[in-house]
Number of protein chains: 2
Amino acid sequence: MHSPKRILFLDLVLSIFRLNGLLIAEGDALTEKLGLTHARWKVIGAIALSNAGLTVPGVARVLGQSRQAVQRITDVMVVDGLLAYQRNPKHKRSVLITLTEEGNHVYNMLREQQDPWVMENTQEIPIEELDQTLRLIRRLINKFDK
Amino acid sequence: MHSPKRILFLDLVLSIFRLNGLLIAEGDALTEKLGLTHARWKVIGAIALSNAGLTVPGVARVLGQSRQAVQRITDVMVVDGLLAYQRNPKHKRSVLITLTEEGNHVYNMLREQQDPWVMENTQEIPIEELDQTLRLIRRLINKFDK
DNA sequence: AGTACAATGACAACATGCTGACATAGTGAA
DNA sequence: TTCACTATGTCAGCATGTTGTCATTGTACT
């Protein structure tokens, strides 16, 4: 049972855990000057990328997290003036999340940090390898996301 | 600046976050009957795989976590009778962690759950793809782990 | 329309990760 | 040997994730 594939897969699982931790640390370092954290980085990114406007459960679905976890983050970000809740014509209670002017400004500054970071960490990696890896990761996500 | 590579990389980062969350859920489901959690699964695995015996900071280094986080888990596992602290001939205060008889039993049962799980989730995936992916993940880990 | 089921907000309990701080133990160089 | 630096255990505070529960709102089917 100690097939190479088994070892390889368990190794991959542990490496995902490891990389996840390192990416969180990178995210925190990257956003520290902006008064953000990795969790807020994920949320502000999801909202900035949405055209139609997202609700709290909508962000949770995009990020694959519980709506409660997202709600806690967005509540704080609204208090901090980065996000605002807007009336949702489609739902009496479930409001839409939008970026405030300050939120937009922070997101733009975030981009200025993020873009060189991405460049730095991908320039030596062929695009085909990134693509293959992303495809396998997605395949595993689909397998587990039921 | 919206190069395909940039999009691809950010997509990969988000997918790592996503897969990490799903793997934690899988780990929790897999170990629930054994009274474990994903965090204890990682720790018990690290200790079972070590031949020479590990200290708390040793496990932390293997897993790439803070020693404080590992200490908290092992303290509980010692109380629960899965682990035991043993005198370390090389250090007066930093004890070695060993599996108790019960800990060994739980680890074996864990393997009985884990092996079919690994089989089920890898049988359709060529070993070369797993290998390529692991290599890229490792490459990123090395990049961020300074 | 009415009614069952799903989605949402709100609150709580808990697990797990991080960092910081402090005292003690170990190590290596002068 | 002595002294500076590193490693370790311990305690605390905090951020973030999970699940569970309950009341309310939306949706879809009869």
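Computed from heavy atoms alone, side chains included, the values below leave out hydrogens, waters and symmetry copies. For clarity, every value in this text was computed on a predicted model and none was experimentally measured.
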Rounding to a whole Å, what distance do you find between A/Leu22:CG and C/dG17:P? 14 Å
Going 5' to 3' through nucleotides 16-26 of chain D and flagging B where a protein heavy-atom sits under 4.0 Å of the base, S where only the sugar-phosphate is that close, and - otherwise, we get BBBBBB-BBSS
In whole angstroms, the gap separating P of C/dT8 from OH of A/Tyr85 amounts to 14 Å
Round to the nearest Å and state the distance from A/Glu26 atom CD to C/dC18 atom P. 14 Å
Have a look at A/Val76 and say if it touches a base, only the backbone sugar-phosphate, or nothing, with a 4.0 Å heavy-atom cut-off. nothing
Return the CG to CG distance between A/Leu22 and B/Asn142, rounded to the nearest 0.5 Å. 9.5 Å
Calculate the interatomic distance between A/Asp75 atom CG and C/dT8 atom P; express it in whole Å. 16 Å
Within this structure, what is the CD1-to-P distance between A/Ile24 and C/dT16, rounded to whole angstrom? 15 Å
Nucleotide C/dG17, atom P - distance to CD of B/Gln71 in whole Å: 14 Å
Mutual orientation of the aromatic rings belonging to B/Trp41 and B/Trp117 [parallel < 30°, tilted 30-60°, perpendicular > 60°]: perpendicular
In whole angstrom, give the distance that lies between atom CG of A/Leu23 and atom C1' of C/dG17. 15 Å
Under a 4.0 Å N-O cut-off, is there an ion pair linking B/Arg135 with A/Glu129? no
Distance-only, no hydrogens or angles: does the B/Asn88 side chain make a donor-acceptor pair with backbone N or O of B/Leu96 under 3.5 Å? no
Would you give the length of the straight line joining atom CD of A/Gln113 to atom CG of A/Leu36, rounded to the nearest 0.5 angstrom? 10.0 Å
How many whole angstroms separate atom CG of A/Leu54 from atom P of C/dG9? 12 Å
Is there a side-chain contact between A/Val95 and A/Gln86 (heavy atoms, below 4.5 Å)? no
